[in-house]
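All values reported here derive from a predicted model rather than from experimental measurement.
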Amino acid sequence: MKALVYHGPGQRGWDTIDDPTIIDPTDAIVRIDTSTICGTDLHILKGDVPETTPGTVLGHEAVGTVQEVGAGVSTVAPGDRVLMSCVSSCGRCRYCKEGRYGQCLGGGGWIFGHLINGLQAEYARVPFAEHSVYKVPDQLTDEQVLFLADILPTSYEVGVLNGMVRPGDTVAIVGAGPIGLAAILTARLYTPGLIVAIDLADSRLQSARRFGADTTINNGSEDAVAKVMELTDGLGADVAFEAVGVPQTFELATELIRPGGRVANIGVHGRSVELHLEKLWIRDVTITTGLVDTFSIPQLMRLIVSGRLDPSLFATHRFALGETMSAYDTFADAANTGALKVVLQGTQASRRAVDAERVAAVA
Ligand SMILES: NC(=O)c1ccc[n+]([C@@H]2O[C@H](COP(=O)([O-])OP(=O)(O)OC[C@H]3O[C@@H](n4cnc5c(N)ncnc54)[C@H](O)[C@@H]3O)[C@@H](O)[C@H]2O)c1
Ligand SMILES: [Zn+2]
Ligand SMILES: [Zn+2]
């Protein structure tokens with residue numbers, strides 16, 4: 001089969017490798033119909049994730065069709081269309097039993113495209129299939145559910161739920177990449193009073209307005225703290241999300257909130273960050289951190305079915321799976337291409353898309 005293989009910092013290839021096979025009875029083999037690329041894949045390619053060894057297939061978000069299941073798998077069967085989550089669950093350990101799959105002690109957690117071969121490939125071995133894949137309702141397209149694999153549950157769980165967004169809240173979101181934009185969409189489920197998006201890139205702020213931000217601030221040219229204070233009668237935001245992952249934006253998030261406010265950190269930090277307890281201790285603040293668990297996939301999927309959550313705005317570019325190398329170039333050059341998420345379509349997925357268009361044309 002063909003797959004996108006990491007060959008060490010700065011190097012990747014669309015290589016021919018052995019087809020995956022069932023190793024454990026809890027495995028499934030899935031044909032990848034639709035996949036995508038994440039900012040984390042770019043981090044791996046920069047060499048920022050040393051646990052990922054050269055030779056690993058990248059990718060941790062996909063929709064596919066089950067081809068084969070191990071003897072221990074009875075809840076999914078060949079032919080089923082399934083969403084694969086960026087986080088796998090053994091289903092048996094203490095954390096999995098609490099729904100905290102990201103912290104799985106039994107070999108799950110974030111493993112695809114990190115510790116084992118991932119999902120930017122024609123086929124994948126999916127461990128713990130019973131606990132780690134989600135059947136896709138017939139009425140939804142692959143593309144409608146694809147972003148449930150990572151960005152939507154990340155922003156919802158680590159941002160909106162940890163930050164306890166409530167109706168009427170002023171929500172400030174630092175960083176308007178796919179994660180910040182998914183935070184806008186999922187925060188809106190709670191009817192905040194005001195959503196403020198902050199980013200250095202005007203193109204990202206434009207997207208933020210399309211996704212539902214009420215106000216945007218370019219913190220390269222404006223004083224974000226002063227502007228948020230002005231919008232909130234000098235108090236500050238009820239909740240701030242950090243959706244970048246650098247020290248400045250974490251510090252900014254802590255400066256944006258009112259006394260009694262909440263900072264939900266979503267960004268992945270590679271460097272130490274200063275925590276200004278000398279200013280914060282007296283302000284009754286709450287700061288949360290988290291790795292996504294994806295326990296909210298079924299809930300978010302129901303909202304997509306009912307039309308209350310529409311992730312279609314994320315898909316800015318589409319490529320055939322065989323063009324994954326060029327898709328990486330487009331995704332990595334987001335400043336010029338405007339890419340948010342690039343959709344990689346296997347032949348089955350593109351055939352289904354064409355069929356859907358035909359049906360729409362006839363109707
Ligand atoms: N906690 C989790 O489980 C989890 C899961 C997935 C991703 N993440 C992390 O979430 C973060 C965001 O992911 P993404 O895919 O949206 O990243 P991204 O790089 O696409 O977007 C980041 C955005 O931040 C903006 N930005 C950069 N520096 C800034 C600054 N100083 N001030 C304001 N804006 C600034 C950029 O212009 C960009 O729009 C990353 O750190 C990613 O690793 C965390
Ligand atoms: Zn990801
Ligand atoms: Zn587990």
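The shortest distance between side-chain heavy atoms of V66 and V73 does not fall below 4.5 Å. At least one side-chain heavy atom of T294 sits under 4.5 Å from a side-chain heavy atom of Y134. Two residues are said to be in side-chain contact when any heavy atoms from C-beta on lie closer than 4.5 Å; Q248 and N219 fail this criterion. Taking 4.5 Å as the limit, every side-chain heavy atom of M164 sits out of range of all side-chain heavy atoms of V239. Residues V268 and H43 are not in side-chain contact: their nearest non-hydrogen atoms beyond the backbone lie 4.5 Å or more apart. Side-chain contact between D142 and V136 is absent, with no heavy-atom pair separated by less than 4.5 Å. Between Q299 and R302 the shortest side-chain heavy-atom distance falls below 4.5 Å. L252 is listed as a side-chain neighbour of V225, based on a closest heavy-atom distance under 4.5 Å.
Crowding of R308 atom CZ: a count of heavy atoms from other residues, nucleotides or ligands under 6.0 Å not exceeding 12.
With values rounded to the nearest 0.5 angstrom, L291 atom CG is found 7.5 Å from C86 atom SG. Distance check, rounded to the nearest 0.5 Å: CD1 of I37 to CG of L4 gives 7.0 Å. Summarising the geometry, atom CG belonging to D19 is positioned 10.0 Å from atom CD belonging to Q67; distances are rounded to the nearest 0.5 Å. To the nearest 0.5 Å, the span separating CE on M84 from CD1 on I32 amounts to 4.0 Å. Taken to the nearest 0.5 Å, the CZ atom of R81 stands 8.0 Å off from the CG atom of D33. In this structure, CG on L200 lies 12.0 Å from CD1 on I217, to the nearest 0.5 angstrom.
Chaining together hydrophobic side chains whose heavy atoms lie under 4.5 Å apart leaves I23 on its own. The hydrophobic cluster of F128 has no other members, since no ILVMFWY side-chain heavy atom comes under 4.5 Å of it. Under a 4.5 Å side-chain heavy-atom criterion applied to ILVMFWY residues, the cluster that includes Y95 comprises L105 as well. In the hydrophobic clustering, where aliphatic and aromatic side chains (Ile, Leu, Val, Met, Phe, Trp, Tyr) are joined below 4.5 Å either directly or transitively, I287 groups with F250, I257, V263, V273, L275, L277, L280, V285.
Transitive grouping of hydrophobic side chains (ILVMFWY, heavy atoms separated by less than 4.5 Å) brings L309 and I297 into a common cluster. A continuous path of ILVMFWY side-chain contacts below 4.5 Å connects F314 to L300, so both sit in one hydrophobic cluster. Taken together through direct or relayed side-chain contacts under 4.5 Å among Ile, Leu, Val, Met, Phe, Trp and Tyr, W14 and I17 form parts of separate hydrophobic clusters. Under the 4.5 Å side-chain heavy-atom criterion for ILVMFWY residues, no single connected hydrophobic cluster contains both L146 and V30. Hydrophobic clustering places V63 together with L340 (ILVMFWY residues linked when any side-chain heavy atoms are closer than 4.5 Å, directly or through intermediates).
A donor-acceptor pair under 3.5 Å is formed between the side chain of S35 and the backbone N or O of E61. Between the side chain of D199 and the backbone N or O of A201 there is at least one donor-acceptor pair closer than 3.5 Å. Judged by distance alone, with hydrogens and angles left aside, the side-chain atoms of S306 form a donor-acceptor pair with the main-chain N or O of L303 at under 3.5 Å. A donor-acceptor distance shorter than 3.5 angstrom exists from the side chain of Q144 to the backbone of T141, with no hydrogens or angles considered. Checking side-chain atoms of N265 against main-chain N and O of T289 turns up no donor-acceptor pair under 3.5 Å. Side chain of D310 to backbone of S312: a donor-acceptor contact under 3.5 angstrom is found. Side-chain atoms of S89 never come within 3.5 Å of backbone atoms of S132 as a donor-acceptor pair (strictly under, hydrogens ignored). Side-chain atoms of R12 come within 3.5 Å of backbone N or O of M325 as a donor-acceptor pair.
Identified under the side-chain hydrogen bond (donor to acceptor under 3.5 Å, both in side chains) test for residues 231-245, with sequence neighbours left out: D238-R258, E242-T249. Sorted by first then second residue, the salt bridge (Lys or Arg N to Asp or Glu O under 4.0 Å) pairs that include residues 208-217, not counting sequence neighbours, number zero. Sorted by first and then second residue, the side-chain hydrogen bond (donor to acceptor under 3.5 Å, both in side chains) pairs with a member in residues 314-324 read E143-R318; sequence neighbours excluded. Sorted by first then second residue, the side-chain hydrogen bond (donor to acceptor under 3.5 Å, both in side chains) pairs that include residues 70-80, not counting sequence neighbours, are S74-E130.
For P54 against H7, the heavy-atom pair with the smallest separation is CB-C, 3.9 Å. In this structure, L256 and A172 approach most closely via the heavy-atom pair CD1-CB, 4.0 Å. In terms of heavy-atom proximity, P311 sits nearest to L152 at CB-CD1, 3.8 Å. Of all the heavy atoms in E274 and E251, the pair that sits closest is CB-OE2, 3.6 Å. Among all heavy-atom pairs drawn from S88 and C104, the shortest one is O-CB, 4.3 Å. The heavy-atom pair separating I282 from K279 by the smallest distance is CG2-O, 4.0 Å.
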Can you list, pair by pair, the side-chain donor-acceptor contacts under 3.5 Å of residues 113-123, counting residues two or more places apart and other chains?
residue, atom, partner, partner atom, Å
H114, ND1, W110, O, 2.8
H114, NE2, E51, OE1, 2.8
N117, OD1, V57, N, 2.9
Q120, OE1, Y328, OH, 2.7
Q120, NE2, T36, O, 3.0
Q120, NE2, D41, OD2, 3.1
Q120, NE2, Y328, OH, 3.4
E122, OE1, K2, N, 2.9

For residues 173-198, which side-chain N or O atoms pair as donor and acceptor with protein atoms under 3.5 Å away, sequence neighbours left out?
residue, atom, partner, partner atom, Å
T186, OG1, A182, O, 2.8
R188, NH1, F211, O, 2.7
Y190, OH, Y156, OH, 3.4

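For D293, the side-chain contact (heavy atoms from CB on, under 4.5 Å) partners at least two apart in sequence or on another chain are R100, E157, F295. T286 meets the side-chain contact (heavy atoms from CB on, under 4.5 Å) test with R262, T288; sequence neighbours excluded.
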> After noting the C-alpha distance and the side-chain angles of T254 and H276, does the key distance pass the side-chain contact (heavy atoms from CB on, under 4.5 Å) rule?
Replying inline: CA-CA 9 Å; T254 64; H276 289 287; 5.7 Å; no
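At a cut-off of 3.5 Å, with distance as the only test, no side-chain donor of D333 or T337 sits close to an acceptor on the other residue.
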